[in-house]
Structures are given as C-alpha cells and as structure tokens.
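Working notes, beginning with the structure itself.
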Amino acid sequence: MEAKSPKESKTTMTDMVLPSETNPLNNLFGGELLARMDRAACIAARRHSRRVVVTASVNHVAFNRAVPLGSVVTVEAKVSRAFNTSMEVYIDVWMEDRESGAKTKANEAIYTFVAVDETGRPVVVPGVAPETKLENERFDAALRRKQLSLLLAGKITPNEASELKALFD
C-alpha cells in the first residue's frame, strides 16, 4: 500500500462560537471543542484510510487559550502517522481576531483512530509520507508517543521502546 501525503487527509472546519456553546464566562465549552476536534480528526482519518474509522483514544489535549463568544474558530486536522491499522491525527485549533482577522493558535490535540471493515474489525491503512519540517517532526514524535503508550499499557518492555531509549542515550 502506497504512503500518502498528509495533505491528502487535511481537514479544515470553520465555525462561529454561539451563545448556547459557552460557559458562564462566555467562553466555548471544552466539551464542545472536543466534539469539533473529534469530527475534524475523524474526517482526516477517513480520508487517509478510505475506511470507516473509530476513535481509539484522545492522547493529548491542550486548552491553551479560552475561545470567547462570537469567535471564528478553525479546526485543522491531519494524519501525522499511520501504523498498521491505526492513525495518529494531529489537530490545531485557530482563533480569528474579530477586528484584525489575525489567526492565533488557541489549542491543539492528538487523537488516535482505527480503520475498520463493515464488521468492525481493524484493517490495514496506508502509511504517511511527511513532506514539510513540521510534518516530519510530528511523524517522528508519533512513534515515540505510540511506544510510550504501549510501554505504559504493559504491551512492550522498556528494551523494546527503541525510540524512547534513543532519547536518553
């Protein structure tokens, strides 16, 4: 199976923060943002694999900035690395300044999806061929995150976590 460019999976969703989506401080609910990120990441994983995908884990979420009522929010998702049946999707959340139109990175997240067949069984997915410096950094870091996850779950031993060991050698 031929590896694909992350550009082939890129998904961008833009929306406005409405009053019903905000907390008492008039900022976007974290759960609402998580749902938006999950949808964008799901579409990116599906575009990459051309299969039905399911969320396997939310590996990292950083709520770095509050997103106020009325803000225009753009969620960008790309597959950063594919393993056998799973894909790591990196999500960047941008907030647009109401007056200047300048975009500021507000939040980020990393999700893992698994591609499945019509019976729900995992299926093999194409690899990822990173092209830019950022794509290469995220591609390399994805393997370290996967090894750390497997190590913490007891599925590999510290000696098998070669990418993690390399950080300390």
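Below, each value reflects all heavy atoms present in this structure, side chains not excepted, and no hydrogens, waters or symmetry copies.
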Hydrophobic cluster membership, with links at side-chain heavy-atom distances under 4.5 Å among I/L/V/M/F/W/Y: are [X] and [Y] in one?
X: Val79; Y: Val125; value: yes
X: Val89; Y: Val61; value: yes
X: Ile110; Y: Val53; value: no
X: Phe63; Y: Val75; value: yes
X: Leu148; Y: Leu150; value: yes

Derivation of the side-chain contact (heavy atoms from CB on, under 4.5 Å) call for Val116 and Arg121: CA-CA 5 Å; Val116 297; Arg121 295 183 193 268; over 6 Å; no

Quick check: do [X] and [Y] have side-chain heavy atoms less than 4.5 Å from each other?
X: Val124; Y: Phe83; result: no
X: Val93; Y: Lys105; result: no
X: Val73; Y: Thr14; result: no
X: Met95; Y: Val72; result: no
X: Leu69; Y: Pro19; result: yes
X: Ser71; Y: Met16; result: no
X: Ser9; Y: Lys4; result: no
X: Pro68; Y: Asn26; result: no

Full working for side-chain contact (heavy atoms from CB on, under 4.5 Å) between Asn107 and Val67: CA-CA 9 Å; Asn107 303 290; Val67 181; 3.8 Å; yes

Determine the minimum heavy-atom distance between [X] and [Y], stating which atoms define it.
X: Leu28; Y: Leu33; answer: CD2-CB, 3.9 Å
X: Pro158; Y: Leu151; answer: N-CD1, 3.4 Å
X: Cys42; Y: Phe113; answer: N-CZ, 3.5 Å
X: Val114; Y: Ala56; answer: CG2-CB, 3.8 Å
X: Ala77; Y: Ala44; answer: O-CB, 3.8 Å
X: Pro126; Y: Ala82; answer: O-CB, 3.1 Å

Closer than 3.5 angstrom, by distance alone: can the side chain of [X] be matched with the main-chain N or O of [Y] as a donor-acceptor pair?
X: Ser49; Y: Arg51; result: yes
X: Asp38; Y: Leu34; result: no
X: Arg144; Y: Leu164; result: no
X: His48; Y: Met87; result: no

Would you say the side chains of [X] and [Y] form a donor-acceptor pair under 3.5 Å?
X: Glu88; Y: Ser80; value: yes
X: Asn59; Y: Ser149; value: no
X: Asp117; Y: Thr119; value: yes

Residues in side-chain hydrogen bond (donor to acceptor under 3.5 Å, both in side chains) contact with Tyr90, at least two apart in sequence or another chain: Glu108

Quick one: pull up [atom1] in [X] and [atom2] in [Y] and give me the separation to the nearest 0.5 Å.
X: Tyr111; Y: Met37; atom1: OH; atom2: CE; answer: 4.5 Å
X: Lys10; Y: Arg47; atom1: NZ; atom2: CZ; answer: 11.0 Å
X: Thr132; Y: Glu137; atom1: OG1; atom2: CD; answer: 8.0 Å
X: Asn27; Y: Glu32; atom1: CG; atom2: CD; answer: 13.5 Å

Ion pair Asp92/Lys103, N-O distance below 4.0 Å: no

Audit row: Lys155, Glu160, salt bridge (Lys or Arg N to Asp or Glu O under 4.0 Å) steps and yes/no: CA-CA 10 Å; Lys155 294 180 179 178; Glu160 293 171 298; over 6 Å; no

Stepwise side chain to side chain donor-acceptor pair (under 3.5 Å) test for Arg65 and Thr104: CA-CA 9 Å; Arg65 292 179 181 244; Thr104 305; 5.1 Å; no

Trace of the side-chain contact (heavy atoms from CB on, under 4.5 Å) decision for Thr22 with Phe29: CA-CA 5 Å; Thr22 62; Phe29 278 119; 5.6 Å; no

Member of Glu8, Glu131, Glu135 meeting the salt bridge (Lys or Arg N to Asp or Glu O under 4.0 Å) criterion with Lys78: Glu135

Verdict with reasoning, Arg36 to Glu21, per side-chain contact (heavy atoms from CB on, under 4.5 Å): CA-CA 12 Å; Arg36 292 179 186 195; Glu21 302 165 330; 2.9 Å; yes

